[in-house]
Amino acid sequence: MKSKTSEMFEDGKSVQSPSAAASLRDALRIATAEVHERLHHHIGFAAVQAGTIDHGTYALLLSRPYGFYRPFEATAELSPERTRWLESDLTALNVDGAAREKLPRCSTFPSHFSPDHILGARYVVEGSALGGRGMARQLDALLGPQAGAGRHFFSGHGAATGVVWREYLALLSAVPSSARRNTAIIDGANATFALFEQWLAGWNNNHD
């Protein structure tokens, strides 16, 4: 049976085993399927998806990825776009700059990311944005159907999200076939997913 996570994360194609993987993209999907499924059912994200989350709980939820992406994007030397989106959303939820500085931040990233590790991590980051757009629409009851403020993190690149995903896949396809490089990229994706899952565990506490 095809998982909901697989459908949300890419284009709904189910691959049964690593030996059947026809590409690095398939191998990444297989390797990260279990943790992605667990995150799909995370209680905070599930509340967003169900349209039952309130303002205070939503602010607590967004505080957690903010504490992840701010140090992650800086350490990986990526454009801090998700940090900026989350800052905008938190501001709309009355969490100002002074309050954001007091939020806990993930401090267990490696001191240096290899290019292959970053490429694997981006599979997590860019792929999750595909499902984020659907979650953004579920915030209408909380934020108002016309309001953009408060949902930038889930809206991501908006209508261009698919374009950004395809650009990432083009980079992935251009990687020379190598067992060593493939392993490093998959390890980067798995490590990022695992760390994000661990970090989200404290989302409704936020006093690490």
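Along the sequence shown, the residues carry numbers beginning at 1.
- Counting heavy atoms from C-beta on, the side chains of P104 and R64 come closer than 4.5 Å.
- Counting only distance, with no hydrogens or angles, the side chain of S178 and the backbone of R181 share a donor-acceptor pair below 3.5 Å.
- Between H36 and F193, the distance separating the two ring centers is shorter than 6.0 angstrom.
- Taking all atoms of both residues into account, the shortest heavy-atom contact from S63 to L90 is OG-CD2, 3.9 Å.
- In terms of the side chain to side chain donor-acceptor pair (under 3.5 Å) criterion, residue partners of D54 (sequence neighbours excluded) are, by chain and number, T57.
- The nearest pair of heavy atoms linking L61 to V48 is CD2-CG2, 3.7 Å.
- Of the possible donor and acceptor atoms, none in the side chain of E126 sits under 3.5 Å from a partner among the backbone N and O of V164.
- Within 6.0 Å of atom CD1 in I43, 12 or fewer heavy atoms from other residues, nucleotides or ligands are found, so the atom counts as exposed in its surroundings.
- Applying the side chain to side chain donor-acceptor pair (under 3.5 Å) test to pairs two or more places apart or on separate chains, those with a residue in residues 135-144 are D140-R151.
- Salt-bridge check for R70 with E101: passed, with a basic side-chain N closer than 4.0 Å to an acidic carboxylate O.
- The ring of F196 has its center no closer than 6.0 angstrom to the ring center of W199.
- Panel note: side chain S88, backbone R84; no donor-acceptor pair is recorded below 3.5 Å.
- Using modelled atom types, one finds no donor on one side chain facing an acceptor on the other under 3.5 Å when comparing S173 with R25.
- Side-chain atoms of Y168 come within 3.5 Å of backbone atoms of L119 as a donor-acceptor pair (strictly under, hydrogens ignored).
- R100 contributes atom CZ, which lies 11.5 Å from atom CG of L62 (distance to the nearest 0.5 angstrom).
- Within a 6.0 Å sphere centred on CD of E197, heavy atoms belonging to other residues, nucleotides or ligands number more than 12.
- At distances below 3.5 Å, at least one donor-acceptor pair connects side-chain atoms of S128 with backbone N or O atoms of V125.
- Using bins of under 30°, 30° to 60° and over 60° for the plane-to-plane angle, the ring pair H42/F45 lands in the tilted bin.
- A ring-centre distance under 6.0 Å is not found for H157 and W165.
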Decide side chain to side chain contact (heavy atoms under 4.5 Å, CB included) for R122 and I118; before the verdict, give the C-alpha distance in whole Å, the side-chain angles of both, and the deciding distance to 0.1 Å.
-> CA-CA 6 Å; R122 287 189 61 197; I118 292 173; 4.3 Å; yes

